[in-house]
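To start, the structure itself, in structure tokens.
Residue numbers start from 1 in every chain, and the chains themselves are labelled A, B, ... in the order their sequence lines are given, proteins ahead of strands.
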There are 6 protein chains.
Amino acid sequence: MIHVLFFLFASFLISTNSHVSAIEFCIADLKGAETPAGYPCKPPTTVTVDDFVYKFTKATPNIFNFSFSTAFIDQFPALNGLGFSIGQAELEGGAVIPLHAHPDATEIIIGGPGSVTAGFITSTDNKVFVKTLSEGNIFVIPRGLLHFVINNGKEKSIGNVIFTSVRPSVQLLDLALFGNNFDSALVSKTTFLDPEQVKKLKGVFKGSG
Amino acid sequence: MIHVLFFLFASFLISTNSHVSAIEFCIADLKGAETPAGYPCKPPTTVTVDDFVYKFTKATPNIFNFSFSTAFIDQFPALNGLGFSIGQAELEGGAVIPLHAHPDATEIIIGGPGSVTAGFITSTDNKVFVKTLSEGNIFVIPRGLLHFVINNGKEKSIGNVIFTSVRPSVQLLDLALFGNNFDSALVSKTTFLDPEQVKKLKGVFKGSG
Amino acid sequence: MIHVLFFLFASFLISTNSHVSAIEFCIADLKGAETPAGYPCKPPTTVTVDDFVYKFTKATPNIFNFSFSTAFIDQFPALNGLGFSIGQAELEGGAVIPLHAHPDATEIIIGGPGSVTAGFITSTDNKVFVKTLSEGNIFVIPRGLLHFVINNGKEKSIGNVIFTSVRPSVQLLDLALFGNNFDSALVSKTTFLDPEQVKKLKGVFKGSG
Amino acid sequence: MIHVLFFLFASFLISTNSHVSAIEFCIADLKGAETPAGYPCKPPTTVTVDDFVYKFTKATPNIFNFSFSTAFIDQFPALNGLGFSIGQAELEGGAVIPLHAHPDATEIIIGGPGSVTAGFITSTDNKVFVKTLSEGNIFVIPRGLLHFVINNGKEKSIGNVIFTSVRPSVQLLDLALFGNNFDSALVSKTTFLDPEQVKKLKGVFKGSG
Amino acid sequence: MIHVLFFLFASFLISTNSHVSAIEFCIADLKGAETPAGYPCKPPTTVTVDDFVYKFTKATPNIFNFSFSTAFIDQFPALNGLGFSIGQAELEGGAVIPLHAHPDATEIIIGGPGSVTAGFITSTDNKVFVKTLSEGNIFVIPRGLLHFVINNGKEKSIGNVIFTSVRPSVQLLDLALFGNNFDSALVSKTTFLDPEQVKKLKGVFKGSG
Amino acid sequence: MIHVLFFLFASFLISTNSHVSAIEFCIADLKGAETPAGYPCKPPTTVTVDDFVYKFTKATPNIFNFSFSTAFIDQFPALNGLGFSIGQAELEGGAVIPLHAHPDATEIIIGGPGSVTAGFITSTDNKVFVKTLSEGNIFVIPRGLLHFVINNGKEKSIGNVIFTSVRPSVQLLDLALFGNNFDSALVSKTTFLDPEQVKKLKGVFKGSG
């Protein structure tokens, strides 16, 4: 009886067309050419359990006392085609993540130990939505909106972050305005900032123009 | 023979199930509840040719010498489910559209009579991409990036604009920073702008805090 | 000068068509009718910062020593249209989450304090992919595949979980086979389990038939 | 031991948030308002096995000797959100399905007993792709292209048809040109057909204008 | 006059930009690298009518008296980007297709000659939805749910099957549990099956561990 | 202070994983292989402002007094993945764009100087929707429906056109029926046109068969 059953399944498989190589995932082949839908798939036969696992490389804190570790597609090819990616932030007491936006991703903060104050500005009517988040809080920052995160306390705070893009881009306001060769007169003209202010921050952020 | 053919088609239709009300479009019923995929469809039997036509309501130029007319879903329900919308901009000589971003839409400018200078800042590496556009030029501004448009000349310039959203939102930098109750100290802290600069522009844009 | 600038912006806004109510998010109105694309949007004018925040309700550990708290769309309407949801699992030492599948969601485990062993079975060729995960490890379990999680240690382990669905469903193998009125003979016939085994587990899981 | 296991699962379920009503399907509530993404879902608690089953209502053959039975969303609400629908065609010997296009659906014919000749015209370069199909043949007709099906034999032919739309629309060439009030002079002008030809077929298809 | 018209169209085409190679389909080039959105397109100029046609290769019945022929993308490259595929099943009297799930595809059975009994188990509340299908019945099995098909009669039954994936994967329960090196103790621990039962079926399905 | 701030940002960037090459756009590499989701992306480091700009190549008017210039993906690689493209039409007085359909794109006409009469035929019930459009009018022609455009006046009319496809295909009715080797008897049989009419137009459009 046992062997009958075994042969049953063997022949079940044989009775289907033979060259079907079903895949239920598409691990990115990062050496292939990226398309709007993602990278080519690594050949399924070469996929192992390690393709599904990633360990954050702990980033060292910067002068401003925070670090950010990423699990984007470039580090973790299993995210190919899934449409999101993950980060881990550690903010020492007093840390400030300055105003920035992710042009192509909604961000979700999952608060861990410690607490932070996060805020974003709506485009509908320029409302400022600010919230202090402690462990177990989730905060959604809609795609493309300017936002910031601050650790007002003295204790370190840690959080996981989800982005709805496999490789979220970041537009940091100060770098966009002052950290490049954006013509200073044009900056003033399109932002109404005083020329002196522009000049000063161009100096800080090593911009020219 | 003729009648045979006619009956043929009559019966062709009859031979299909009778209560199929095929629709090949979904005009928004703006009184219905909006969903992430758009508005409910107006009943197909009530749709007329006028549902497919829209005429721009000419906006009057503002003090800064430009006007912007929109064909967004709220004005033009035929855009329901199509994923884009249209605008028409007229910039008098010297007009400036200040730095802003569309968090949920790529913008495409189709230059008409006259010329403008448009620019955006990439998030990848803060490059400033600026171009002077004359009639027949098309310019793509990727979703969510800060950009501006200026008419440096003396002649009026006109252009059509396409957005990849049925109702693009706008985050105007100055209004986001200074036109609301965003706490001034927090603005300085997250932008590195001098408190005096923040105070001054809060005054200009009628912000508080 | 200042007032000129202010009027500029006021008129900028006035110069656009007046009844545009741009929204850049769609908070679910859970009282509305769900569609394949999600719930209707809560009116934007009634949205506050609290709509973007959720705090996990800590679940009490079950007999098997684990608890699972969810931030699915039913608890957190801000997820509407975003295509994913979040959970938090706490596994006491020895806890076992039995074999199950999420028919409509890829699952991503973000390992926190402690460690767990997780595994899934591929459908391609029935490979068993098992991995022990410690803090900072991420593990991707492709959509629809049978998987389990075990805490083999003595220490509690905690992790965040992401699902690529706003409300992931769960097919728990034992409940699917034994916790309902699935005819026992049919279970045996379609699984090759011995009738005695089926009868025994029907008893355990309160099934009938 | 057995009871322990049972309680385990009961508490497993209880340990999750209580008001999650996971659904893994969305049966259309046809009385609700259709959106670009489909109909609202029937409440999951009212769904039974019969919602997943449909039986073709056999259509009677028309004068031209074919019948077409449909399983579109209007007849079969389980197709809601799935993006395709099904038909069954029976063509008696000599039957002709005249030139038509499905503006929103690719069509796939799965040949059953008998044989038919099907053809479509590419838009790339106006190639005519014609093929005689017998049982077990599959034929793909790309979305929106003019095509026809003929049973040149004497035997009845039967086939299943898949459309990549829950409710494919049909533009039948003769009805579009001659079966309505399309101004005859305009028809001639935009098709280069002789006015006499237009007049004649307007008569056949009961058009006016 | 005739020649005027002809030149009209020739120049119509010439008046458009010359290197547009419009394609309205994307036949898979199976030698290219697969991406999450499908395979690269075969060059349109090399496409012929045969690319749109497929004939099922009749599979021989297995010991268990059923055969399954597939038209998946690997056999039929015209399905590229269409999001579904097709199969043909023939079940001799008494045939059983054991419990399995398609992690990435909804399955639709279109009953042909003969009859079968098909069933699936919901994940919402573990309901068992079973139905006997005869010719002309359609049955929808939602994505990822465990299901089975049995021919209880003596007559052969035939059916077409649609899957909402170009290459549906299959997770056959017995092979997932017993046909691999899944550690036997772990199987027992995560399924509550008795160790003897696991051992017995490991023998049947040639598993190890 | 200034330098502190600068180092802050330098280290901010350094503290993220180093090989992230975020891109917020995907300019087509037209030499790469097209997929259902578009072309591979040009390497971001080689992208310049000119990749985002296109200038229409003015097409010369044809005998029928209209010209059509295109900004499809083949001319303007920045459209990759955006799902639409643009055209510019110029119709001299009396110009006629004959009946045709775009199988894969909704078309939107944005009327410029002059006026045109445009019309399409619905598939629902063969209604003829005709409208005269002047400057500032927008007209939506749903995907796949037969339509025409005529300049009934004496003045030139100009308009921009949007298509919801990066490379819309065109099925021109006369070329589909008469400009190829479509067997004449088959044309008559599937359109009910008189054989003489078919023969005559086959002559005009240089068809054979």
Under 4.5 Å from any heavy atom of chain F - which part of Leu145(D): both

- prompt: Are the side chain of Gln171(D) and the backbone of Leu146(F) linked by a donor-acceptor contact shorter than 3.5 Å?
  reply: yes

field: Between CG on residue Leu186(D) and CG on residue Asn152(F), distance to nearest 0.5 Å
entry: 8.0 Å

field: residues 126-135 of chain F: residues contacting chain D (heavy atom under 4.5 Å, by number)
entry: Asn126(F), Val128(F)

message: Would you say that Leu177(F) contacts Leu99(D) through its side chain, given a criterion of any heavy-atom pair below 4.5 Å between the two side chains?
response: yes

Part of Ala176(D) within contact of chain F (heavy atom distance under 4.5 Å): both

message: One thing to verify: whether Asp194(F) and Lys200(D) come together as a salt bridge, which I'm taking to mean a side-chain N less than 4.0 angstrom from a carboxylate O.
response: yes

task: Would you give the length of the straight line joining atom CG of Leu193(F) to atom CD of Gln197(D), rounded to the nearest 0.5 angstrom?
output: 5.0 Å

- prompt: Are there more than 12 heavy atoms of other residues, nucleotides or ligands under 6.0 Å from atom NZ of Lys55(D)?
  reply: yes

message: Counting heavy-atom pairs under 4.5 Å with chain D, which one of Pro103(F), Gly144(F), Ala101(F) comes out on top?
response: Pro103(F)

task: Identify which part of Thr117(F) has an atom lying under 4.5 Å from any heavy atom of chain D, answering side chain, backbone, both or neither.
output: neither

query: Do Phe182(D) and Ile121(F) have side-chain heavy atoms sitting under 4.5 Å apart?
result: yes

message: Using 0.5 Å steps for rounding, measure from the OG atom of Ser123(F) to the CG atom of Leu172(D).
response: 10.5 Å

- line: In this structure, CD1 of Ile97(F) is separated from OG1 of Thr190(D) (nearest 0.5 Å) by 11.5 Å

task: Check whether any side-chain heavy atom of Phe192(D) sits under 4.5 Å from a side-chain heavy atom of Phe205(F), and report yes or no.
output: yes

